[in-house]
Amino acid sequence: MAELIDGKAISQAIKDEIREETAKLSEKNIKPCLAVILCGNDPASTVYVANKKKACEYCGFDSVSLELPEETSEEELLNKISELNKDERVNGILVQLPLPSHINEDAVIAAIAPEKDVDGFHAVSVGNLLIGRPGFVSCTPAGVIQLLKRSNVEISGKECVVIGRSNIVGKPMSVLMLRENATVTICHSRTKDLKEVCKRADILIVAIGKPRMIDASYVKDGAVVIDVGIHRLEGKKLCGDVDFESVEKVASKITPVPGGVGPMTIAMLMKNCLEGCLRQNGLLNE
Ligand code: NDP
């Protein structure tokens, strides 16, 4: 039976470390500050934003929250971002996605100052990641690296298969595993023999967006399986992209859903905001 990788406990440990660092910073009269913009009233987004504000409080950060109506124009939103870019109190800016359909997400992401891009979605952040320069890394994949490292999973020299090539998860995830010296294969909807490719993996990272699709027949005996997926089934139960009951019988370690990758995303957002604050105050040696 696979050992559980406990994302709840690991994310809590990270938030506690951040809280300690924030307390030390307060002796220098520095307090990290995150600005969160919510546009419209998507119920899931409203919950995510509330959780981000709660995490800020826990970590000792200030937070600025902008709740804009659904009918906000793209220009209005871009103007708000421009104000936050100039606001010296604000270290990180996060625009909760998805945005209402009349607003161009790419334009909004591009408008955030790269030094405040705590989501790591700006082209400058992505470029820095690719060429190995310091900068913000997308929170979910950064969280997966922390889960692996803090569970003592050796990455260097291992065969890693990432299923999914989205800009938010799959692509940055692959680059991060490469940075950790894994041999990385990226799979997507045109991959031939997905099962055979997945079975090569010592570390299988699944971000396919299909409930419980990956069962034990995709997994090598003893592989480490990370499930990035999150779906709400009828009856409100949550599940991932991995068929947990089947895969836990063959994997050596596995993340559950909920309580695996999910809690890591907010913890890494806090980490990015702290990093932004330190960098903006000249306190980061890089
Ligand atoms: P996307 O839908 O953007 O990407 C899915 C990827 O899977 C695509 O690259 C697609 O390929 C590939 N894919 C789809 N079907 C198949 C198939 N049959 N065989 C092989 N590859 C396939 O999803 P995201 O990356 O945004 O998210 C992935 C999952 O992670 C979702 O379940 C999402 O809810 C979850 N998520 C969880 C987060 C968290 O905090 N825990 C944060 C972000 C996402 P192609 O490119 O060819 O279309």
Side-chain angles (χ1 to χ4, degrees), residues 4-8 10-12 14-15 36 42-45 47-52 54-55 94-99 105-106 109 118-121 126 129 136-148 160-177 184-201 204-215 217-219 225-233 236-244 247 254-272:
L4 274 191
I5 297 180
D6 187 348
K8 238 172 146 178
I10 295 173
S11 68
Q12 187 59 47
I14 291 173
K15 282 190 282 183
V36 182
D42 177 66
S45 294
V47 173
Y48 292 144
V49 166
N51 287 341
K52 285 167 188 172
K54 243 198 266 168
L94 178 143
V95 179
Q96 186 64 48
L97 301 179
L99 288 167
E105 273 183 12
D106 291 343
I109 291 169
V118 283
D119 247 342
F121 296 162
V126 178
L129 171 64
F136 294 114
V137 177
S138 172
C139 300
T140 303
V144 171
I145 296 290
Q146 288 298 314
L147 283 179
L148 292 170
C160 173
V161 174
V162 178
I163 320 180
R165 58 174 167 181
S166 70
N167 289 339
I168 290 175
V169 187
K171 280 183 201 155
M173 189 71 252
S174 314
V175 177
L176 284 173
M177 291 303 278
V184 183
T185 306
I186 309 170
C187 298
H188 45 78
S189 63
R190 310 282 177 91
T191 298
K192 293 208 171 84
D193 295 331
L194 181 66
K195 234 177 228 190
E196 289 316 307
V197 179
C198 290
K199 273 182 150 164
R200 296 207 299 257
L204 179 62
I205 302 176
V206 188
I208 198 172
K210 302 261 185 297
R212 291 182 179 147
M213 176 173 155
I214 302 303
D215 64 18
S217 65
Y218 290 78
V219 180
V225 179
I226 304 289
D227 187 355
V228 182
I230 183 145
H231 309 275
R232 196 171 285 282
L233 300 171
K236 301 220 161 169
K237 211 175 161 244
L238 292 179
C239 81
D241 292 345
V242 170
D243 180 356
F244 184 88
V247 173
I254 186 169
T255 56
V257 177
V261 175
M264 295 301 292
T265 302
I266 288 189
M268 299 316 289
L269 173 66
M270 296 299 114
K271 204 164 193 303
N272 276 352

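Every number for a ligand or one of its atoms is a count from 1 in the order of the listing. Because only heavy atoms are used, hydrogens play no part in the values below, and waters and symmetry mates are left out as well, while side chains stay in.
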Taking the side chain as everything from C-beta on, heavy atoms only, tell me whether [X] gets closer than 4.5 Å to [Y].
{"X": "Leu129", "Y": "Leu176", "answer": "yes"}
{"X": "Met213", "Y": "Tyr218", "answer": "yes"}
{"X": "Ile205", "Y": "Cys160", "answer": "yes"}
{"X": "Ile163", "Y": "Cys198", "answer": "yes"}
{"X": "Asp227", "Y": "Ile254", "answer": "no"}

Thr140: partners by side chain to side chain donor-acceptor pair (under 3.5 Å), with sequence neighbours left out:
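Result, side chain to side chain donor-acceptor pair (under 3.5 Å) vs Thr140: Thr265.
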Considering residues at least two apart in sequence or located in another chain, which fulfil the side chain to side chain donor-acceptor pair (under 3.5 Å) criterion with Thr191?
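Thr191 satisfies side chain to side chain donor-acceptor pair (under 3.5 Å) with no other residue.
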In the protein, what heavy atom is nearest to [atom], and what distance, to one decimal place, separates them?
{"atom": "atom 33 (C) of ligand 1", "value": "Ile230 N, 4.2 Å"}
{"atom": "atom 26 (O) of ligand 1", "value": "Ser166 OG, 4.0 Å"}
{"atom": "atom 41 (N) of ligand 1", "value": "Val228 O, 3.5 Å"}
{"atom": "atom 31 (C) of ligand 1", "value": "Gly209 CA, 3.6 Å"}
{"atom": "atom 46 (O) of ligand 1", "value": "Arg165 NE, 2.8 Å"}
{"atom": "atom 20 (C) of ligand 1", "value": "His188 O, 3.0 Å"}

Approximate separation, where rounding is to 0.5 Å, of [X] [atom1] and [Y] [atom2]:
{"X": "Ile145", "Y": "Met268", "atom1": "CD1", "atom2": "CE", "value": "9.5 Å"}
{"X": "His231", "Y": "Lys237", "atom1": "NE2", "atom2": "NZ", "value": "13.5 Å"}
{"X": "Thr255", "Y": "Leu4", "atom1": "OG1", "atom2": "CG", "value": "9.0 Å"}

Can you sort out which atoms of ligand 1 are near [X], meaning under 4.0 Å from one of its heavy atoms?
{"X": "Gly229", "result": "29 (C), 30 (O), 32 (O), 35 (C)"}
{"X": "Ile208", "result": "5 (C), 7 (O), 13 (N), 14 (C), 15 (N), 16 (C), 17 (C), 19 (N), 20 (C), 21 (N), 22 (C)"}
{"X": "Lys210", "result": "14 (C), 15 (N)"}
{"X": "Met213", "result": "18 (N)"}
{"X": "Leu194", "result": "19 (N), 20 (C)"}
{"X": "Gly164", "result": "6 (C), 7 (O), 9 (O)"}
{"X": "Ala207", "result": "5 (C), 6 (C), 7 (O), 28 (C)"}
{"X": "Val169", "result": "25 (O), 43 (C), 44 (C)"}

Can you tell which part of [X] has a heavy atom less than 4.0 Å from ligand 1: side chain, backbone, both or neither?
{"X": "Thr265", "value": "side chain"}
{"X": "Asp241", "value": "side chain"}
{"X": "Met264", "value": "neither"}
{"X": "Thr140", "value": "side chain"}

Is Gly262 near ligand 1, meaning one of its heavy atoms is under 4.0 Å from it?
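Yes.
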Please check atom 2 (O) of ligand 1 for a protein heavy-atom neighbour under 4.0 Å.
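No, there is none.
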Could you walk me through whether Lys195 and Ser217 satisfy the side-chain hydrogen bond (donor to acceptor under 3.5 Å, both in side chains) test, starting with their C-alpha distance in whole Å, then the side-chain angles of each, then the deciding distance to 0.1 Å, before giving a yes or no?
CA-CA 7 Å; Lys195 234 177 228 190; Ser217 65; 3.1 Å; yes
Between Pro263, Gly240, Ser189, flag the one that comes closest to atom 48 (O) of ligand 1 by a heavy atom.
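That would be Ser189.
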As a quick check of understanding, evaluate side-chain contact (heavy atoms from CB on, under 4.5 Å) for Leu233 and Arg212, giving each step before the final call.
CA-CA 11 Å; Leu233 300 171; Arg212 291 182 179 147; 3.7 Å; yes
Identify the two heavy atoms, one from Ser45 and one from Leu97, that lie closest to each other, and give their separation to 0.1 Å.
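The pair with the smallest heavy-atom distance is OG-O, 3.9 Å.
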Polar-atom distance check: Arg190 versus ligand 1, any N or O pair below 3.5 Å?
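Min N/O separation from ligand 1 is not below 3.5 Å for Arg190.
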